[in-house]
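Notes to accompany the following structure.
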Amino acid sequence: MSDSENQKPLNFIQHIINEDIANGKNQGRVHTRFPPEPNGYLHIGHAKSICLNFGIAEQYKGQCNLRFDDTNPAKESDEYAKAIEADIRWLGFQWAGDIHHASDYFEQLYQFAIELIEKNLAFVDELTPEQMQQYRGNFAEPGKNSPYRDRPVAENLDLFHRMRAGEFEDGKMVLRAKIDMASPNIKMRDPVLYRIKRMHHIRTGDKWCIYPMYDFTHCISDAIEGVTHSLCTLEFEDHRPLYDWVIDNISIECHPQQIEFSRLNLAYTITSKRKLTQLIEGHYVNGWDDPRMPTISGMRRRGYPAEAIREFVELTGVTKKNHVVDMALLEFSVREVLNKKAPRAMAVLRPLKLVIENYPEDKVEQLQAPRHPQDESMGKRTIPFTREIYIDQEDFREQSNNKFKRLVLGKEVRLRNAYVIRCDEVIKDAAGKICELRCHYDENTLGKNPEDRKVKGVIHWVSATASVSAIVRRYDRLFNSANPAAEEDFTQCINPDSLNEYTQARIEPSLASCQPGENFQFEREGYFVADSEDYTAEKPLFNMTVGLRDTWARMDV
RNA sequence: AGGGGCGUCGCCAAGCGGCAAGGCACUUGGUUUUGAUCCAAGCAUUCGUAGGUUCGAAUCCUGCCGCCCCUGCCA
């Protein structure tokens with residue numbers, strides 16, 4: 001087959017970059033950056049930006065910087081910055097060189113502001129925020145010039161200097177660009193460049209009492225770092241003329257190209273930082289790394305491999321269309337990765353005791369089973385087989401039609417990795433609840449099928465006497481609405497059954513000595529991960545990552 | 001109202017004037033000691049809509065319709 005037949009189609013950003021390279025722009029150099037504000041935890045939406053920026057740099061043998069956009073000390077913390085670094089590394093990316101910070105450029109930014117003032121392209125304004133809003137106009141009406149707009153350059157220079165020196169109260173003055181109050185693009189109506197804010201900054205401490213705004217900072221930071229392609233989300237499209245205006249009007253060579261793409265929205269989830277915080281503060285979930293959270297840390301604790309997240313992002317593509325991606329695609333990516341790498345094991349979530357009457361009472365057989373049915377290199381594990389075992393309550397019915405391929409009274413079933421058994425008797429308690437099954441096994445069915453009959457069902461099990469008790473948590477979607485953010489009150493559509501805890505679960509012994517964070521497939525159930533926080537050998541705790549694809553559940557029997 | 005974007009299968013998404021890729025989901029068969037995996041097959045006479053240009057239009061032009069973003073001293 002030819003290369004072209006296998007080649008993935010390029011996305012629109014790659015087309016732009018290819019054209020830039022063909023035209024010799026930036027001497028063929030490709031340099032991107034991931035610029036988070038350290039004011040919260042990274043989520044699936046950020047994962048897209050990370051994969052895109054680092055991915056593009058990788059593909060074009062360029063570089064991708066990590067730059068913290070730390071221009072608003074009111075919101076930022078070092079704790080967030082550290083968590084962001086860890087999440088990026090976990091996703092499998094490494095930034096070029098040291099970490100950058102917008103605050104590294106505060107002095108240069110200040111000098112560029114002075115340049116704008118000297119060119120009569122910026123002025124110090126004393127309008128109150130309310131006045132400024134009125135002067136800005138609206139979609140229908142053009143804005144009006146501030147009465148302070150025509151101050152002499154020298155006065156602006158003096159005032160700006162004194163703003164920095166701390167002579168004025170917070171909020172008393174701002175530095176504004178002098179562009180066009182009648183612009184149909186409201187972002188161009190003399191945007192604020194600097195505000196006075198006496199706040200301790202996580203990196204510059206109390207050195208500054210004025211802080212530059214995003215629109216002034218971001219483009220210059222990109223240019224200083226030699227970024228060639230500044231990739232951001234759609235809502236910044238209106239900012240692009242301002243991005244270009246700033247770069248065009250200061251003395252700097254590099255002019256990065258801003259390109260906007262659409263955010264990654266996932267059905268049945270939210271990514272708004274405010275709402276995520278609400279989930280935590282309202283104790284709807286147990287922290288930022290709760291396995292139901294769409295945060296990177298939540299997905300990690302849930303057992304999603306980084307590779308699966310990368311693949312998912314790749315599968316969703318890069319365009320300018322607003323879209324909402326099906327959860328099914330994420331789950332597909334997770335299963336695909338885990339199917340290959342997760343060792344198999346057996347665990348019974350809802351144990352039902354089963355006694356094999358023709359099996360000797362103190363006999364224990366150490367059965368061998370492959371860790372992976374399609375990958376012999378993963379080796380084998382040992383599973384003890386005994387007279388008393390547990391099966392799942394859902395794998396037994398007193399009577400059923402032959403669609404039910406599990407254990408039925410009077411019928412046979414295969415115990416996975418072990419023998420064929422037949423159920424002879426059901427024992428119930430006073431309330432009529434099934435509490436024990438009495439069965440017989442066929443000793444000639446280990447590793448082979450009976451010759452005279454067909455046994456179609458296979459169920460999983462663990463030894464009653466040689467298994468370990470464990471807690472297993474199963475998760476379902478956090479919201480019952482496909483678009484929780486659009487609900488009047490998103491907390492009203494929280495799924496009350498998003499967490500199901502099985503406290504009586506039993507696991508095969510090999511699972512009791514694993515490492516926190518290890519992934520497994522519990523056969524016939526799904527993929528599970530040893531909890532990275534609360535797993536101990538004494539009290540094993542597993543989280544369900546995702547269930548197996550289940551065509552049985554779709555049938556109505 | 002003004003500005004900026006976007007409309008191709010249930011969900012993503014190629015396509016850039018020559019006769020609708022691919023993935024997910026779904027359906028149907030086959031293999032199987034996981035109702036998993038794997039394998040095979042099916043799944044848009046049609047590209048928001050109405051006109052126009054052309055031998056030929058998802059692709060070009062025009063009008064309309066729909067959705068998203070913008071009136072922080074947030075990023």
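Remember, predicted model here, so these are calculated numbers, not experimental data. Order of the sequence lines sets the chain letters (A, B, ...), proteins ahead of strands, with each chain counted from 1.
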Checklist line | Steps toward ring-ring contact (aromatic ring centres under 6.0 Å, His included) verdict (A:F236, A:Y243) | finding: CA-CA 10 Å; A:F236 291 99; A:Y243 186 110; over 10 Å; no
Margin query: Using the ring centroid of each side chain, check whether A:Y80 and A:Y41 are separated by less than 6.0 Å.
Written below: yes
Notebook entry, point to check: Given B:A75, is OP1 or OP2 found less than 4.0 Å from the side-chain N or O atoms of A:T71?
Noted result: yes
Next item on the list: Between protein and nucleotides 8-14 of chain B, map the contacts as a letter string: B base, S sugar-phosphate only, - none, heavy atoms under 4.0 Å, written 5' to 3'.
Entry: B-BSSSS
Margin query: For B:G72, does the O4'-C1'-N9-C4 or O4'-C1'-N1-C2 angle fall within 90° of 0, making it syn, or is it anti?
Written below: syn
Check: So what does A:R240 hit on the nucleic acid, given a heavy-atom distance under 4.0 Å: a base, only sugar-phosphate, or nothing?
Finding: nothing
Note to self: Take a 6.0 Å sphere around CD of A:E169 and say whether it holds more than 12 heavy atoms from other residues, nucleotides or ligands.
What the structure shows: no
Notebook entry, point to check: So what does A:A418 touch, heavy atoms closer than 4.0 Å: a base, only the sugar-phosphate, or nothing?
Noted result: base
Note to self: Students often get this wrong, so: under 4.0 angstrom with heavy atoms, is A:R414 touching a base, only sugar-phosphate, or nothing?
What the structure shows: base
Note to self: When you measure from the side-chain N and O atoms of A:R549 to the phosphate of B:U37, is any distance below 4.0 Å, counting only OP1 and OP2?
What the structure shows: yes
Next item on the list: Could you tell me whether the side chains of A:H101 and A:D70 share a donor-acceptor contact shorter than 3.5 Å?
Entry: no
Notebook entry, point to check: Are the ring of A:F332 and the six-membered base ring of B:C24 within the stacking cut-offs of under 5.5 Å and under 30°?
Noted result: no
Next item on the list: For the residue pair A:T382 and A:Q368, confirm or rule out a side-chain donor-acceptor distance under 3.5 Å.
Entry: yes
Next item on the list: With sequence neighbours excluded, give me every ring-ring contact (aromatic ring centres under 6.0 Å, His included) pair touching residues 318-343 of chain A.
Entry: none
Next item on the list: With heavy atoms under 4.0 Å as the rule, sort A:E235 into base, sugar-phosphate or nothing.
Entry: sugar-phosphate
Note to self: Strictly below 4.0 Å: does A:K456 bring a side-chain N or O up to OP1 or OP2 of B:U33?
What the structure shows: no
Notebook entry, point to check: Donor-acceptor pair under 3.5 Å: do we get one between A:R406's side chain and the base of B:G35?
Noted result: yes
Notebook entry, point to check: Just to confirm, is there a sub-4.0 Å distance from OP1 or OP2 of B:G72 to any side-chain nitrogen or oxygen of A:Q133?
Noted result: yes
Margin query: Would you say the base of B:A75 stacks on A:Y214 (centre-to-centre below 5.5 Å, plane angle below 30°)?
Written below: no
Checklist line | Which residue lies more 5' along RNA chain B, comparing A:P373 with A:P212 via nearest heavy atoms | finding: A:P373
Next item on the list: Determine whether the side chains of A:E331 and A:Y304 contain a donor N or O and an acceptor N or O closer than 3.5 Å.
Entry: no
Check: Using a distance-only test with no angle check, is there a side-chain donor-acceptor pair under 3.5 angstrom linking A:E523 and A:Q521?
Finding: no
Margin query: So A:L330, base contact, sugar-phosphate only, or nothing? Heavy-atom distance under 4.0 Å.
Written below: nothing
Margin query: Below the 4.0 Å mark, does B:U37 have OP1 or OP2 next to a side-chain nitrogen or oxygen of A:R524?
Written below: no
Note to self: For B:U71, does the base pair up with any side-chain atom of A:E141 as donor and acceptor (N or O, under 3.5 Å, distance only)?
What the structure shows: no
Notebook entry, point to check: Between A:S183 and B:G3, is there a side-chain N or O to OP1/OP2 distance below 4.0 Å?
Noted result: no
Notebook entry, point to check: Going by modelled atom types, is there a donor-acceptor pair between the base of B:G4 and the side chain of A:N185 at under 3.5 Å?
Noted result: no
Next item on the list: Give one of base, sugar-phosphate or nothing for A:G447, where a contact means two heavy atoms less than 4.0 Å apart.
Entry: base
